[in-house]
Structures are given as C-alpha cells and as structure tokens.
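FYI, side chains are in, hydrogens and waters are out, and symmetry mates aren't considered; it's all heavy atoms of this structure. Position 1 is the first residue of the sequence, and the numbers go up from there. Everything quoted here is computed from the prediction, not taken from an experiment.
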Amino acid sequence: MSPLPSGLLGDLDPTSDRAVFRQIADQLREAIDRGRFREGEKLPSEAELVEHYGVSRMTVRNSFSVLTGEGLVHAEHGKGVFVRPRPPVRRLASDRFARRHREQGKSAFIVEADAAGSHPTVDSLEVKEEKPSQDISTRLGSVRRVLARRRRYLLDGRPVEFATSYLPLDIARGTPIAEPNPGPGGIYARLEELGHHLDHFEEEIRARMPSPAEVKLLHLAAGVPVIHLIRTAFDTEGRAVEVCDTVMAADAYVLSYQLPAT
C-alpha cells in the first residue's frame, strides 16, 4: 500500500492529553476545511489511516464517527467515507415570496431550485380536512377545522424538506387549493385570486435534531440536524390565511436574509 501524499495529514502528538482518535479527527477536519478533501471526495481508507498513524482500525473508526456526528462526512457501505456536500439551496427570505414569481406561475420552491440549477419534484402529497392542533388553531384565529396540505420536496431526487400547510376551511374548501395540484404559482397565487391579497409573512425558526420519522422521511445521515420553520401568511385585512409547518434538512439549505439598517 502506497503511503499518503506528504503534507496531506500530520502526525500524532504523543505528549498530548487529547485522545488519539480525536487527534486524527482534528487532522481530517482541518484537511476538509482547507480543501484538501473536497465535497463528495473520498477520505483515506481505514487501512491507509491505520498505516499512516500506526493505530488500530477501531481508533480510525472512532475518528470517522466523530466527523459523521458533526455532519462533515458520510459513509457509503462498501465504498468508504466521503465528504458531505455543502448546502445547495439558498433561501433568500426577501425574495422567495415576491409576487412577480407567482405571476410567472412559479412557487417559492421552484424559484429556489432554478437558482440552484436543480430539478424540483414533489411527492408524498396528502390533502384532507382535519381538526388542527391547538397551536395551529390559535395561529389561524381559533378555527376549528382546516384544510391540510402535506408534501415532501425533492431536489434532483433527494428529499430536502417536508411541509404541511394549514388553511381555514371557509377559504380553501371547494377551491383549487383543495386539489392535489393547485395550479401555477401554488396556493399563494390561488389565495390572491380568491381576494386574499398577501400583505406579509411571519416566520419562527429553530434548529433541532430530527425525530426518527424525520430521519426516514428526509433520508438524513447521522448527525445532521433539521431546520424547523413555522410561517404564517397574512392578507391585507390582517387575517392569517395560512400556516406552513416545514422541516428542512439542515445540510441542504442556507438561510439568507436582508435586514434594513434603520
């Protein structure tokens, strides 16, 4: 087996109190940060690292586990450990709900996918009337029944987010919003056609670790958190016309904001 290229990785410090597997993880992390291993590139194999550092396979595996837990790498069975790609989608908060996109027949997700050069698809679609949770009911003005639209969004076949929109029944029932495909521009375009011209949105965002169901639904690797976003849309009369509860794979997105200086 050929040795690793000179300068790719350093040597262990036998005088350090830091565990050997963490020293190895530190060096691999630094190499990734410095671009010595690029997105999608395979890291040195267990055998190569065992030979380079003179340690056991278990020590190397523990080092990989540290980086996996940080979301920096992912393992592919029988192939090796690879550097995870950086977030491909930039959500520009000041632009994604611009009316011009709806007038062009584009939903916010399509706009973002186009900007990323990716192919968007939607699956796991469910549309039904139901009783909302207390939180959703309160956000919508204490409604008792809602139309719920659940869907999963994919980019180039990869699941990146799952969203549920809740709309008051007196607005949505019997309209294209209740159809699986609400038409060009999505449900916001249909709301405006129904006379509910959108005025502003309020968003609450938090990061957390995913539930087991979310890991399965979004095909999340170990150590990857999710972004949990709840958005409420208000019309020009001040009425809350939709609440959207979205869970996004944190490694798929960059959230971008433009804030006024005044």
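Counting heavy atoms from C-beta on, the side chains of V160 and L218 never come closer than 4.5 Å. Looking at E203 and T246, their side chains never come closer than 4.5 Å, going by heavy atoms from C-beta outward. Between Y188 and L198 there is a side-chain heavy-atom pair separated by less than 4.5 Å. Between L229 and E204, the closest side-chain pair of non-hydrogen atoms is not below 4.5 Å. For the pair T164 and F162, the minimum side-chain heavy-atom distance is below 4.5 Å. Looking only at side-chain heavy atoms (C-beta outward), M209 and V224 stay at 4.5 Å or farther from each other. Within the 4.5 Å cutoff, the side chain of R38 has no heavy atoms near those of the V83 side chain. Counting heavy atoms from C-beta on, the side chains of H228 and I205 never come closer than 4.5 Å.
Between the side chain of S142 and the backbone N or O of T138, no donor-acceptor pair lies under 3.5 Å. Side-chain N or O atoms of Q27 include none that pairs as donor or acceptor with a backbone N or O of I24 at under 3.5 Å. Not one N or O on the side chain of D235 forms a donor-acceptor pair closer than 3.5 Å with the backbone of H197. With hydrogens and angles disregarded, a donor-acceptor distance shorter than 3.5 Å links the side chain of S137 to the backbone of V143. Side-chain atoms of R173 do not come within 3.5 Å of backbone N or O of A178 as any donor-acceptor pair. A distance-only check finds no donor-acceptor pair linking the side chain of E130 to the backbone of L147 [under 3.5 Å]. A side-chain donor-acceptor contact under 3.5 Å links R36 to the backbone of L8. A donor-acceptor pair under 3.5 Å is formed between the side chain of E214 and the backbone N or O of S211.
Note on E161 versus R151: no salt bridge recorded, every NZ/NE/NH1/NH2 to OD/OE distance being 4.0 Å or above. Classification of E202 and R231 as a salt-bridged pair fails, no side-chain N sitting under 4.0 Å from a carboxylate O. Classification of R61 and E46 as a salt-bridged pair holds, one side-chain N sitting under 4.0 Å from a carboxylate O. Using a 4.0 Å cut-off between a side-chain N of Lys or Arg and a carboxylate O of Asp or Glu, D13 and R22 do not qualify as a salt bridge. Look at E242 and R149 and you find no salt bridge, because none of the NZ, NE, NH1 or NH2 atoms lies under 4.0 Å from a carboxylate O. Between E193 and R190 a salt bridge is recorded (basic side-chain N to carboxylate O distance below 4.0 Å). The residues R158 and D251 are annotated as salt-bridged, a charged nitrogen and a carboxylate oxygen being separated by less than 4.0 angstrom.
Cluster annotation: F21 and V55 are assigned to distinct hydrophobic clusters (Ile/Leu/Val/Met/Phe/Trp/Tyr, side-chain heavy-atom contacts under 4.5 Å, transitive). One hydrophobic cluster, built from ILVMFWY side chains closer than 4.5 Å, holds both V241 and F201. Note on I32 and F64: same hydrophobic cluster, where clusters join Ile, Leu, Val, Met, Phe, Trp and Tyr whose side-chain heavy atoms are under 4.5 Å apart, directly or indirectly. Residues L140 and L169 do not share a hydrophobic cluster, clusters being chains of Ile/Leu/Val/Met/Phe/Trp/Tyr side chains in contact below 4.5 Å. Side-chain heavy atoms closer than 4.5 Å link hydrophobic residues (I, L, V, M, F, W, Y) into clusters, and following such links, possibly through other members, connects L43 to L4.
Atom CZ of R29 and atom CG of L72 lie 6.5 Å apart (nearest 0.5 Å). T175 OG1 to L194 CG: the interatomic distance, rounded to the nearest 0.5 Å, is 5.5 Å. Of the inter-residue distances, the one linking R84 atom CZ with T68 atom OG1 reads 9.0 Å to the nearest 0.5 angstrom. Note that the CG atom of L191 and the OG atom of S165 stand 9.5 Å from one another [nearest 0.5 Å]. The distance from the OG1 atom of T121 to the CG atom of D156 is 8.5 Å, given to the nearest 0.5 Å. Atom OH of residue Y166 and atom CG of residue D245 lie 5.5 Å apart, to the nearest 0.5 angstrom.
Closest non-hydrogen pair, A240 versus P168, comes out as O-CG, 4.1 Å. Annotation for V215 and P210: closest pair CG2-CG, 3.5 Å, computed over non-hydrogen atoms. Heavy-atom minimum distance, G183 versus N181: N-OD1, 3.0 Å. Shortest non-hydrogen contact noted between K42 and G80 is CE-CA, 4.0 Å. Across all non-hydrogen atoms, the minimal contact from H219 to R152 is NE2-NH1, 4.0 Å. When every heavy atom of I177 is checked against every heavy atom of A172, the shortest pair comes out as CG2-CB, 4.0 Å.
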_Between F82 and E41, does the side chain to side chain contact (heavy atoms under 4.5 Å, CB included) criterion hold? Intermediate values first, please._
CA-CA 5 Å; F82 296 81; E41 189 173 343; over 6 Å; no
*In sequence, state the C-alpha distance, the side-chain angles, and the governing distance for T59 and S56, and then conclude on side-chain hydrogen bond (donor to acceptor under 3.5 Å, both in side chains).*
CA-CA 5 Å; T59 298; S56 68; 3.0 Å; yes
*Yes or no on side chain to side chain contact (heavy atoms under 4.5 Å, CB included) for R150 and V127, after CA distance, side-chain angles and deciding distance?*
CA-CA 6 Å; R150 294 181 173 87; V127 183; over 6 Å; no
*Test log, rule side chain to side chain contact (heavy atoms under 4.5 Å, CB included), inputs V81 and V73*: CA-CA 7 Å; V81 178; V73 303; 3.7 Å; yes
*Begin with the C-alpha distance, continue with both residues' side-chain angles, and end with the deciding distance and a verdict on side chain to side chain contact (heavy atoms under 4.5 Å, CB included) for V243 and L167.*
CA-CA 7 Å; V243 172; L167 301 103; over 6 Å; no
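Atom CD of E237 is surrounded by 12 or fewer heavy atoms from other residues, nucleotides or ligands within 6.0 Å.
Between F234 and H200, the ring planes are parallel. Angles under 30° get that label, and only those over 60° would be called perpendicular.
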